[in-house]
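Let me begin by presenting the structure, written as C-alpha cells, before commenting on it.
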Amino acid sequence: MPRAVIGRLSLYLRELEAFERRGETTVSSSLLGSALGINDAQVRKDLACFGQFGRPGIGYRIAELIRALRQILGIDRDWPTAIIGVGNLGRALLRYRGFRNRGFHIVALFDNDPKKIGQTVGGLVVQPLERLGEVAEELGLRLAILTVPGEAAGRVAELAAGCGIRGLLNFAPVTLTVPEPLSVISVDLSIQLENLAYRVLHEPNGGEAITD
Ligand code: ATP
C-alpha cells in the first residue's frame, strides 16, 4: 500500500473523530476531504483500497469508519513503547500526552550514561541499553522512540533490531539503514524547519502539504 495513502488514513481518522465529537453520524467524501484539502475522488479511492465503507446517498457512517481505520492502522490495541536516549528530547517526548491517547504507552527508558542509569524519570527507572532485549521480551516491546545523538543512532538501531524491536521512530538527525524486519520512520525537526524556511521565502501562499 503506498505510504502516502496510509498517511492520509491517519488524517481521515483525526477528522472523523472531530466530526463524531460534534455529534455527526455520517459524512460525505467531499466533506471529509474538504477539511484536509483532499478531493472527494481521492478520499473514495483511498478508502476503497481497504473495503466497502461508503453507502450511496448516505456517505460514510462515522463510527463504523473510525473503528475500521483504527483496526487498519493498528491503533485498536495498546503498544508498549520504549524511549532510547533520555536526553532533553527523550524527556520531552516522555511527557507528551498525545501518545497515550493513541495507545502508545511509554513503559521503559534506556540510556548508556552511567549518571542517568538508575534515575527515575516520569515514574520510570532509566535502564542500561544492555537490558533492552530482556525488557523487550518481558514487556512485549515492539516499538521504540530513538532520541540518541546522530553518531550513536546507527549502532543503537542495529542493537534494537536484534532485541526484537520492529519499529523505530527515529529523531536522530541521520538517515538510518537498518536490517529487516525493522521499520524506521525518521522525524528530523531541523529539516522540517529548513523546509518551512524555504516555503516562507519562496512559496508565501504554500498552504500545508497533506500528502507527504
Ligand atoms: P543531556 O544533557 O541530558 O545528556 P542531551 O539532549 O544534550 O541531554 P544528547 O547528547 O542529545 O543529550 O543525547 C541524548 C541521550 O542519548 C543522552 O541521555 C545520552 O546519554 C544518550 N545516549 C547517547 N549515546 C547513547 C547510546 N549509544 N546508547 C544509549 N543512549 C545513548
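Along the sequence shown, the residues carry numbers beginning at 1.
Under the 4.5 Å side-chain criterion, counting only non-hydrogen atoms from C-beta, Leu69 is in contact with Leu16. In this structure, Arg8 and Gln42 have side chains that are in contact, with non-hydrogen atoms separated by less than 4.5 Å. Looking at heavy atoms from C-beta onward, Thr175 lies out of side-chain contact with Ser186 at the 4.5 angstrom threshold. Between Gln127 and Leu109, every side-chain heavy-atom pair lies at or beyond the 4.5 Å cut-off. Looking only at side-chain heavy atoms (C-beta outward), Leu13 and Ile75 come within less than 4.5 Å of each other. Counting only heavy atoms from C-beta outward, the side chains of Pro80 and His105 never approach each other to under 4.5 Å. Residues Phe104 and Ile145 fail the side-chain proximity criterion, which asks for heavy atoms closer than 4.5 Å. Between Leu189 and Leu193 the shortest side-chain heavy-atom distance does not fall below 4.5 Å.
In this structure, CD on Glu130 lies 10.0 Å from SG on Cys163, to the nearest 0.5 angstrom. Expressed to the nearest 0.5 Å, how far OG of Ser183 lies from CG of Leu143 amounts to 9.5 Å. To the nearest 0.5 Å, atom CG of residue Leu196 and atom CG of residue Leu201 are 10.0 Å apart. Note that OG1 of Thr81 is 5.0 Å distant from CD1 of Ile106, once rounded to the nearest 0.5 Å.
At most 12 non-hydrogen atoms from other residues, nucleotides or ligands lie less than 6.0 angstrom from CD1 of Ile185. Arg3 CZ: 12 or fewer foreign heavy atoms inside a 6.0 Å radius. Within 6.0 Å of CD in Glu24 there are more than 12 heavy atoms belonging to other residues, nucleotides or ligands.
In this structure, Asp111 contributes its side chain and Ile117 its backbone to no donor-acceptor pair below 3.5 Å. Although no hydrogens or angles enter the test, the distance criterion places no donor-acceptor pair under 3.5 Å between the side chain of Ser30 and the main chain of Ser28. In this structure, Thr147 contributes its side chain and Gly85 its backbone to a donor-acceptor pair below 3.5 Å.
Between Tyr96 and Phe99, the ring planes are perpendicular. Angles over 60° get that label, and only those under 30° would be called parallel.
Leu159 belongs to a hydrophobic cluster whose other members, connected by ILVMFWY side-chain contacts under 4.5 Å either directly or through intermediates, are Ile84, Val107, Phe110, Leu129, Leu132, Val135, Leu139, Leu141, Leu146, Val148, Val156, Ile165, Leu168, Val174, Leu176, Val178, Leu182, Val184.
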Open item on the list: Walk me through whether Ser34 and Leu31 qualify under side chain to side chain contact (heavy atoms under 4.5 Å, CB included).
Closed with: CA-CA 5 Å; Ser34 69; Leu31 203 56; 4.3 Å; yes
Fill in: Evaluation steps, side chain to side chain contact (heavy atoms under 4.5 Å, CB included), between Glu194 and Arg199
CA-CA 9 Å; Glu194 281 171 30; Arg199 278 198 214 171; over 6 Å; no
* To do: Evaluate side chain to side chain contact (heavy atoms under 4.5 Å, CB included) for Val125 paired with Gln119, printing each intermediate quantity in order.
  => CA-CA 6 Å; Val125 177; Gln119 277 185 10; over 6 Å; no
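Linking Ile, Leu, Val, Met, Phe, Trp and Tyr whenever their side-chain heavy atoms come within less than 4.5 Å puts Ile66 and Ile6 in one cluster.
The shortest heavy-atom contact between Ala172 and Gly150 is CB-CA, 4.1 Å. Scanning all heavy atoms of the two residues, the minimum distance from Asp40 to Ser29 falls at CB-OG, 3.6 Å. When every heavy atom of Phe50 is checked against every heavy atom of Val5, the shortest pair comes out as CE1-CG1, 4.0 Å.
Applying the side-chain hydrogen bond (donor to acceptor under 3.5 Å, both in side chains) criterion to Asn101, with sequence neighbours excluded, gives no partner residue. With sequence neighbours excluded, the residues that form a side-chain hydrogen bond (donor to acceptor under 3.5 Å, both in side chains) with Tyr12 are Asp46.
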Sequence neighbours left out, cut at 3.5 Å: what donor-acceptor pairs do the side chains of residues 55-65 make with other protein atoms?
{"from": "Arg55", "atom 1": "NH1", "to": "Phe53", "atom 2": "O", "distance (Å)": "3.0"}

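Identified under the salt bridge (Lys or Arg N to Asp or Glu O under 4.0 Å) test for residues 159-188, with sequence neighbours left out: none. Legend: salt bridge (Lys or Arg N to Asp or Glu O under 4.0 Å) pairs involving residues 93-107, not counting sequence neighbours, sorted by first then second residue: Glu17-Arg102.
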